[in-house]
Amino acid sequence: FVQSRVDTKMEFYDFFRDAKFSLWWLPEVNNMCRLRPTTTAAMGQDGGMNFNFALSRNVNVSEVVLSPGTMPESANVIAVASPVFRGAFRFESAHFQGHYLAYKPPTHLRMVGGIVDETTAIDFMLVDYAHMFNYMTMEEVLMPAVTTLGGERDYVSLRTLCTDTNVLSYFTNVLKKPIWSDDDFETFFASRSGEWAYDAKNTQVRLRTKIEQLTNNLRRSRDLSEVAASISGAAEYDVLHLPLDTLEQMLAVLGQPAPPAASLSVVVSILDSQKKVLVAIPKACERDVSFKRLLSIFDQVSLFGGPQPDPQIAKWREDTRQELGELVSEQIRHKSVSKDVTLAVLDKLCEMPLDWRACGDRLAKIAVPLLEGLPLARLLPLLRATVRTLPNSAPLAEKLAAMAQKQLRHAEAEAVGEAVDIMVTGGLCLDAMPSCLENILDSAPFASVASILAGLGERGLEGDEVKHCATFVGER
């Protein structure tokens, strides 16, 4: 597999340093050699990395890989003058005659034998390393020049840019033509508006920030794979600083699992982008987000990845929910959110991973006016939710238990049994629970009665009422 410069996302000099190869000549046979990266050539004949392949009597085609292997039949080749192109060479396997090194566009380097198709190249030119500058792109010339002139922070005049030594040298020595006109530069920058911001009126240009570039890439993305590629290819720092509006859109786009037919690279890209977005959401919500919007984002995150998400997504999602719960808790504690807390919102809050120690007392005060007069059946879901987070949720749980206790005498036996079971589990209003259980022995489901009695026993409650209940259960 051969990577292009675009695939590696490396700087010009770094790429050509690592992409510089040389021939390591071997003395046994004339023109026999190994192909190896120049960076490892100093390690000697038996060191470094070499082109390796796996031809055999039964294998006519083999991928080429870089490895430290030095087995003659898998590493040795003979440089042969090309019969087609003057100055070019072919590299024939030293042990499997008629098998040549071949480049099959766009990404494969192989050893092939027999008839070679028209799209495959087996003739190679040996190019001096100094010629790498002929492959330098205009962006690789302009970006360092604009950066040096302060173009990452503010606009740079085109006149100043055109006098830069490296820019002038590129046009003179590489392109071998006069420097572009203003119109040519305008066309160039306009065609790359994702990276460049060009002011045609004042003939000045600047580099867009990484965050601007990422935002533009996302805006131009046409499908899930392009969105994922943009986010996965961006630095985590840049994703963290995306606007919250953009991140919310990404939650919607990336919220579902990868399509079944997606390639492995797309699946990996989607997973990476999902992680980055989930990590970025709480950070973006720290920037003065309203209480209602925070709750809405929490709902979106809770659904992210679908009902059966990938285990990694499930973990990242829960981590994000925890962080959002802490932000909601801080708003309850420090901001005036009473007008935004309805009974439906209270239901949601009681199911959230709140920092109850931070917001429990304040939330209990907000909740009381909403809870007064509610029937027992409506209180039970709230009571059950707060009991699960005891002891931190004690301020609200205790108020709910007190309100529920007042209705136990007049409620249906099944609802009473459920309420008593929840309160015994949470250790709430325990003194009144034995008598409440005694009153529903004949009317509540037996399983509920037995569960409550077991809970009272675990809590160490004794007395005549408990004994009566125990006798009733024992006789059944």
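For the pair E139 and R192, the salt-bridge criterion is met [side-chain N within less than 4.0 Å of a carboxylate O]. D154 has no carboxylate O lying under 4.0 Å from a charged side-chain N of R206, or vice versa, which leaves the two without a salt bridge. Here D361 does not pair with R333 in a salt bridge; the nearest charged N to carboxylate O distance is not below 4.0 Å. The pair R321-E318 meets the salt-bridge criterion, with a side-chain N (NZ, NE, NH1 or NH2) lying under 4.0 Å from an Asp/Glu carboxylate O. Ion pairing of D245 with R293 is present here, as a side-chain N (NZ or NE/NH1/NH2) and a carboxylate O approach within less than 4.0 Å. Using a 4.0 Å cut-off between charged side-chain N and carboxylate O, E195 and R208 make no salt bridge. Classification of R17 and D14 as a salt-bridged pair holds, one side-chain N sitting under 4.0 Å from a carboxylate O.
A donor-acceptor pair shorter than 3.5 Å can be found between the side chains of S181 and D184. Counting only N and O atoms by type, the side chains of T172 and S169 include no donor and acceptor under 3.5 Å apart. A donor and an acceptor atom, one from each side chain of H108 and E63, are located under 3.5 Å apart.
At a threshold of 4.5 Å between non-hydrogen side-chain atoms, the residues P309 and R317 count as touching. Contact annotation: the side chain of F189 approaches that of L158 to within less than 4.5 Å [non-hydrogen atoms, C-beta and beyond]. Taking the side chain as every heavy atom from C-beta outward, P37 and L66 approach each other to under 4.5 Å. The closest side-chain heavy-atom distance from L207 to M143 is below 4.5 Å. Between V227 and I231 there is a side-chain heavy-atom pair separated by less than 4.5 Å. V279 places a side-chain heavy atom less than 4.5 Å from the side chain of E236. L428 has its side chain within reach of V387: a pair of non-hydrogen atoms, C-beta onward, lies under 4.5 Å apart. The shortest distance between side-chain heavy atoms of D319 and K315 falls below 4.5 Å.
For Y135, the OH atom sits in a loose shell: 12 or fewer heavy atoms of surrounding residues, nucleotides or ligands are nearer than 6.0 Å.
Distance check, rounded to the nearest 0.5 Å: CG of L363 to CG of L346 gives 6.0 Å. Separation of atoms CG (N30) and CD1 (I78) is listed at 8.5 Å; rounding is to 0.5 Å. Within the model, atoms CZ of R110 and CD1 of I122 stand 14.5 Å from one another, a figure rounded to the nearest 0.5 Å. Taking CG of L214 as the reference point, atom OG of S230 lies at 6.5 Å (rounded to 0.5 Å). The CG atom of L354 sits 4.5 Å away from atom SG of C359, with the distance rounded to the nearest 0.5 Å.
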Is there a side chain to side chain contact (heavy atoms under 4.5 Å, CB included) between T203 and Y198? Walk through the geometry before answering. CA-CA 7 Å; T203 60; Y198 185 69; 3.9 Å; yes
Start with the C-alpha distance between S225 and D223, add both sets of side-chain angles, then the distance that settles side-chain hydrogen bond (donor to acceptor under 3.5 Å, both in side chains), and finish with yes or no. CA-CA 6 Å; S225 63; D223 54 33; 2.8 Å; yes
Let me see the working for D272 and S232 under side-chain hydrogen bond (donor to acceptor under 3.5 Å, both in side chains), right down to the final yes or no. CA-CA 6 Å; D272 184 54; S232 180; 2.9 Å; yes
Steps toward side chain to side chain contact (heavy atoms under 4.5 Å, CB included) verdict (I211, V239): CA-CA 7 Å; I211 298 171; V239 180; over 6 Å; no
Can you list the steps and then say if K276 with D238 is a salt bridge (Lys or Arg N to Asp or Glu O under 4.0 Å)? CA-CA 10 Å; K276 287 180 176 177; D238 296 327; over 6 Å; no
Test side chain to side chain contact (heavy atoms under 4.5 Å, CB included) on F124 and F91; report intermediate values, then the result. CA-CA 8 Å; F124 296 89; F91 295 97; 4.2 Å; yes
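Scanning for side chain to side chain contact (heavy atoms under 4.5 Å, CB included) contacts around F133 gives F12, Y13, M136, with sequence neighbours left out. For the side-chain hydrogen bond (donor to acceptor under 3.5 Å, both in side chains) test, residues two or more places apart in sequence or in another chain that qualify with E351 are R388. Residues passing the ring pair (Phe, Tyr, Trp, His ring centres under 6.0 Å) test with Y170, sequence neighbours excluded: none.
If you look at F304 and W316, their ring centroids are not closer than 6.0 Å. The distance between the ring centers of F51 and F21 falls below 6.0 angstrom.
Figure legend: cation-pi geometry between R36 and W24, with NZ or CZ positioned under 6.0 Å from the six-membered ring centre and within 45° of its axis.
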